[in-house]
A.B. asks: 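Here's a structure for you.
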Number of protein chains: 2
Amino acid sequence: MAGVRQDRRRVVIEAARPVVESGRFAAKACAGVPLEISADVFAHGHDRVLAWVRWGRPQAPQAWREARLSHDINDRFSGWITPRRLGDLAFEIVAAVDDWGSWLHGAGAKLAARQTIDLDLEEGALLALGRIRTGINAADRRALRALAAVLRNASLAPRARLREAATQRSGRLLERTLDRSGATVEGPHPVLVERELAGFSAWYEMFPRSEGAEPPRSGTLYTASRRLPSIAQMGFDIVYLPPIHPIGTVNRKGPGNSLAAGPDDVGSPWAIGSAGGGHTAINSDLGTLQDFDSFVGGAHALGLEVALDYALQCAPDHPWVTEHPEWFATRPDGSVRYAENPPKRYEDIYPIDFETRDWRRLWNALRDVLLFWCGHGVSVFRVDNPHTKPLHFWEWVISEVRRRHPGTIFLAEAFTRPKVMHRLAKAGFSQSYTYFTWRTAKWELEEYLGELSTPPGVDYFRPCFWPNTPDILHASLQYGGPAAFRLRLILAAFGAASWGMYSGYELAENVAVREGSEEYLNSEKYELRPRDFGRADSLAPLVGRVNEVRRVHRGAMTQMARLHLHHIDNDALICFSRSSPGNEDVLLVIVNLDPHAAQDGSTWLDLEALGIPPNRPYEAHDELTDTTYVWHGPRNYVRLDPGHQAGHVLHLRKR
Amino acid sequence: MAGVRQDRRRVVIEAARPVVESGRFAAKACAGVPLEISADVFAHGHDRVLAWVRWGRPQAPQAWREARLSHDINDRFSGWITPRRLGDLAFEIVAAVDDWGSWLHGAGAKLAARQTIDLDLEEGALLALGRIRTGINAADRRALRALAAVLRNASLAPRARLREAATQRSGRLLERTLDRSGATVEGPHPVLVERELAGFSAWYEMFPRSEGAEPPRSGTLYTASRRLPSIAQMGFDIVYLPPIHPIGTVNRKGPGNSLAAGPDDVGSPWAIGSAGGGHTAINSDLGTLQDFDSFVGGAHALGLEVALDYALQCAPDHPWVTEHPEWFATRPDGSVRYAENPPKRYEDIYPIDFETRDWRRLWNALRDVLLFWCGHGVSVFRVDNPHTKPLHFWEWVISEVRRRHPGTIFLAEAFTRPKVMHRLAKAGFSQSYTYFTWRTAKWELEEYLGELSTPPGVDYFRPCFWPNTPDILHASLQYGGPAAFRLRLILAAFGAASWGMYSGYELAENVAVREGSEEYLNSEKYELRPRDFGRADSLAPLVGRVNEVRRVHRGAMTQMARLHLHHIDNDALICFSRSSPGNEDVLLVIVNLDPHAAQDGSTWLDLEALGIPPNRPYEAHDELTDTTYVWHGPRNYVRLDPGHQAGHVLHLRKR
């Protein structure tokens, strides 16, 4: 048995947060968004302790800033920092015995019990004088001597002397001059600081070929750009385009994923590559690279960022298949291995063989695709099926891109097992698609919101809630009518800090290819789908209002860890709050999960969590309808008729 | 931003257990007791993975043993190892892509879908032949070639060829010959292996001076040794003696903790040290060191181990106070600082000043006290108030003793805040006192049992349940009559793997010093308390039976992590199971928490957790009453009348 070192540090620091797998991965933060730092800090016996967080750039610990952590409950200390610079940040926890605070507490307790404290006052004076040593400035030396003199001033009553020791000024003096040579330091722990958009965003997905299409004539990047103003008006931050590259012609899929495509069939954008080029080319039906640059420019002018799809697979006629045959696996008969998930076959897709002996060149080429588009103003990537590519590849390639373009944001389309989904987030993805799309019952939504807002996940996994995608039209939308679209919209937009929708959602498109399927009828994946977005019944105004409310309350919306579930006594109603640090800004969201009938019930709010006094009325202002209610206490009646309103988004204010 | 290394290992291993704070501390195990090892193991995509645990002495990794882990659910793999040698053990998780299993699965799925598998069979042959390389023995080479030949044997049907590949023999061959050069290794993680007694024990506490006392004449170690046979007969493993050292005479406390002691007053054994000696001396009232050796010898002959109290504090007349004044803090007036918790004062106790500049000599002296008693056959120490001494001291001193006496067991009397209590367990204490004594309602018992049987605590914190101690006579015992003593006995003995009781419990002593106090009337801490243990209403027979049942079912009782709570539809009844790995041995414990009235209700058992088929009758044999019930399914009626039986301890057996 190995010997144990004789360690004399008195304070122990444990369970610091946010820390991901003991620091193997970085926790996530956003520039300008307050980040809570916390840890268990304690010593043996009855001594009080002081704790601080120190943070800054890992390379320059001498320039780190420092803030006090305060004791919450049960030896947990916490405080807030606000990172400003993108990239790597590190923090450490520092803690020391609070000899002055311990002494003050003991002397005060004796005084209250009418015990004599003469010796204690002298001990306090000695403590103060003990602070005087090399490195203490002249003003503090004088202040320490003066404090000691007061404590020894027999002409003052003991109570008066102790009062002087108990002032805030004395406390700060004694804290400032504390000898930290015996302090415990825990860390440093890595944090990745991204742009606020990485943690707070609204996405709009559209197929540019459908926008302005007149079948069989494809829409173009130019015609699609005409949709940008209305997307911006709906309050979205990001417009996401499925792959815009040449689409393979070999084994091209026809409408409804049929095996044979006709001459006019446009194919799946995810079957990337043809004689026209590969992952850095533009499908000529959509236009040219210049057209793309114009599209990006137009988006930026409207405050929109453009997200491209990063789908690492090739059509059989992708140039790489002939230029780099070693990047694809071959079968014993010499044929290239197409994608399979036995017994399913995907003959129009060749997976890339990450096990190739030429992997270094491959990895570099894949990275260079991202860098190419970064060079064309793309700041956001939606990554297709990242869970079918090596986990370590993502960790490397994301860091490679971030080194050069620190603001780049990556969304993982990882509809896979929970552990894999989480590992991708740890590896560096800014956001992830989630199981939200399939969580419709109150109990499963509560369970999921609870999981997403608590450690360990909340420290690195940023959910992006999508009520629909081109692949997923959930049954609840197929059969719930427009009310279902409204309620899922509110849940998505206020349940997570980021959300997105696929075009057509605002039109409540709800027809599946067949009963029991989540595929759309006439799936846009294989066909042009021009739409009449000007329809009077469009949900666009509601979408716009929802995104506007999110922005007004970004201080609350960006704090996923502060999402709090509240009881409401109806299984068709869900109630949760979002709040900023210190409850400066509090939203209470109540949604009727039943799209078919009005539901009512009474809340039982956790007022303490909301920072609302239990015995005074407060205002609940519905941000969607501009109605104000005066509420009182935890119990308040709510009724939601899905025909009129799917949910309340209430801004709670003390009166 | 730092660059990320290009890592090509395909399999990821996360959240291995048991691991305490990323390996900063050792997890706990017992020699001969199966220990579950588990981890999340997964790769990207659809490939299957294989995982193993390797374990052994940290110094000799080349001699480590290996066992396969099997997949449970949700990418979690687990298996069991049984440590044999006391001291440090290390384990690591190894995992690799299961190319053979993945291939077999894919080919099987295609065959089932009536697709052709000719190419797949050839790929299987190439996989088998690919295993042949340096280091593969001749027999395996032959077997691999033979398997490849079968897969290529066109005269056999594809189905027949695949069947040969799918045999267990082929699976073992391909696993054995797998090239692990690309495998992922996670660890090593430290585990401390203690004796089984460290994790499975029944303690009996007695004041030897009371045993055979004829006040004012003290009992002695000799008279106390006459009680040992009945303690052994009650099935206890450990007899624990409060401090047996000379008791201070300066400021000695009288009966009921009064400030003035009379000449006949025996004082508190925890006020250690007088002119007669200190922590390595024997109180002359009790006898001599030879008497102590005889006491230990007598205990050992009965299969009992002797636990001493390790209380690091001194009476004012302890020899150390004059020999080592620097080990005690002095106040500004030159007086030695006595113990205080303002406004409370303990003038009969001087705390040791661990901040002394002479700390190295002090620590060594404190360690040598333990080594002294180890030299006299003491194998177990109950440590008094360890939370008021430096946490790092415990880590050091326990390791120092274990290096020389690896079987030594330490019980922490840390009735303190949860984080501190847990830290002491991490630092090396074998067992800890708990909050059990104050958990009496069903919801709080369920919550506490849940916490104690789940990670992270269950990997290092071993609870020892005490229904009473000389300091704690809980109100539920004061007012619940003998029925309360019976029910708390069953809860303590079957709720944890270790439990203990303080003498007098078997006589249901229930008189407190005053209403609202947990102190005993005529507390034995300050007085001699001879008792008539032969009373007809003694609970000793029940205690004996309880300890006997525990021993018979030690396979279940030692697996705290397998404790499982079951629903029972009465808030006065609690139901939980204890089970061995694989449910070879299953106990179901049902206790009536109401000592005043009969309670009945129906269980709703989690039969899957118990390994019991849902549709067949099974036997429930009450180990306390030797009654057998035939049960069927999850729902079974139970009625417990506290006048007759406080609880069921049912051994469940399939019929």
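Computation of the quantities below employed the complete heavy-atom set of this structure, encompassing side-chain atoms and omitting hydrogens, waters and symmetry-equivalent molecules. Numbers restart at 1 for each chain; the letters A, B, ... are given by sequence-line order, proteins then strands. A quick note: this is a predicted structure, and the numbers were derived from the prediction, not measured.
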A.B. asks: Below 4.5 Å from any heavy atom of chain B, which atoms of A:H46 appear? Answer side chain, backbone, both or neither.
C.D. replies: side chain

A.B. asks: Less than 4.5 Å apart, any side-chain heavy atom of A:D333 and any of B:E122?
C.D. replies: no

A.B. asks: Could you tell me whether a side-chain N or O of A:R8 sits under 3.5 Å from a main-chain N or O of B:F354, the two making a donor and an acceptor?
C.D. replies: yes

A.B. asks: Heavy-atom pairs under 4.5 Å with chain B are the metric here; pick the option from A:F42, A:W359, A:W363 that has the most.
C.D. replies: A:W359

A.B. asks: Checking B:N385 against chain A: side chain, backbone, both or neither under 4.5 Å from a heavy atom?
C.D. replies: neither

A.B. asks: Measure the spacing between CG of B:D118 and CZ of A:R331 and express it to the nearest 0.5 Å.
C.D. replies: 10.0 Å

A.B. asks: Quick one: which of A:R57, A:R5, A:E340, A:H105 has the most heavy-atom pairs under 4.5 Å with chain B, could you say?
C.D. replies: A:E340

A.B. asks: Name the member of A:D75, A:L119, A:T388 that forms the most heavy-atom pairs with chain B at distances under 4.5 Å.
C.D. replies: A:L119

A.B. asks: Report the distance from atom CG of B:D47 to atom CD of A:E355, rounding to the nearest 0.5 Å.
C.D. replies: 8.5 Å

A.B. asks: Picking from B:S22, B:P418, B:P332, which has the most non-hydrogen pairs under 4.5 angstrom with chain A?
C.D. replies: B:P332

A.B. asks: When only pairs under 4.5 Å are counted, which of A:R76, A:R10, A:H387 shares the most heavy-atom pairs with chain B?
C.D. replies: A:R10

A.B. asks: Which heavy atom in A:G45 sits nearest to a heavy atom in B:R417, and how many Å separate them?
C.D. replies: O-NH1, 3.8 Å

A.B. asks: Can you run down the salt bridge (charged side-chain N to carboxylate O under 4.0 Å, His left out) pairs that involve residues 384-393 of chain A, sequence neighbours left out, and say none if there aren't any?
C.D. replies: A:R382-A:D384

A.B. asks: Identify the heavy atoms of A:P342 and B:K110 that sit nearest to each other, and give their distance.
C.D. replies: CB-CG, 4.0 Å

A.B. asks: With a 4.0 Å cut-off, would you call A:K426 and B:E14 a salt bridge?
C.D. replies: yes

A.B. asks: A:L424 versus chain B, heavy atoms under 4.5 Å apart: side chain, backbone, both or neither?
C.D. replies: neither

A.B. asks: Taking all heavy atoms of A:P343 and all of B:A109, pick out the closest pair and write down the distance.
C.D. replies: CB-O, 4.1 Å

A.B. asks: Below 4.5 Å from any heavy atom of chain B, which atoms of A:R337 appear? Answer side chain, backbone, both or neither.
C.D. replies: side chain

A.B. asks: Got a list of side-chain donor-acceptor pairs under 3.5 Å for residues 390-397 of chain A, not counting sequence neighbours?
C.D. replies:
{"from": "A:H392", "atom 1": "NE2", "to": "B:R9", "atom 2": "O", "distance (Å)": "3.4"}
{"from": "A:W394", "atom 1": "NE1", "to": "A:P386", "atom 2": "O", "distance (Å)": "2.8"}
{"from": "A:E395", "atom 1": "OE1", "to": "A:R24", "atom 2": "NH2", "distance (Å)": "3.2"}
{"from": "A:E395", "atom 1": "OE2", "to": "A:R24", "atom 2": "NH1", "distance (Å)": "2.8"}
{"from": "A:E395", "atom 1": "OE2", "to": "A:R24", "atom 2": "NH2", "distance (Å)": "3.4"}

A.B. asks: Are the side chain of B:Q6 and the backbone N or O of A:R360 linked by a donor-acceptor pair below 3.5 Å?
C.D. replies: no

A.B. asks: Counting only heavy atoms not in B:R85, do more than 12 sit closer than 6.0 Å to its CZ atom?
C.D. replies: no

A.B. asks: For A:V420 and B:H44, run side-chain contact (heavy atoms from CB on, under 4.5 Å): C-alpha distance rounded to whole Å, both residues' side-chain angles, the deciding distance at 0.1 Å, then the answer.
C.D. replies: CA-CA 7 Å; A:V420 180; B:H44 67 275; 5.8 Å; no

A.B. asks: Provide the closest heavy-atom pair for B:N74 versus A:K419 in the form atom of the first, atom of the second, distance.
C.D. replies: O-NZ, 3.0 Å

A.B. asks: Quick test of your reading of the model: are B:D40 and A:R423 salt-bridged, counting only N-O distances below 4.0 Å?
C.D. replies: no

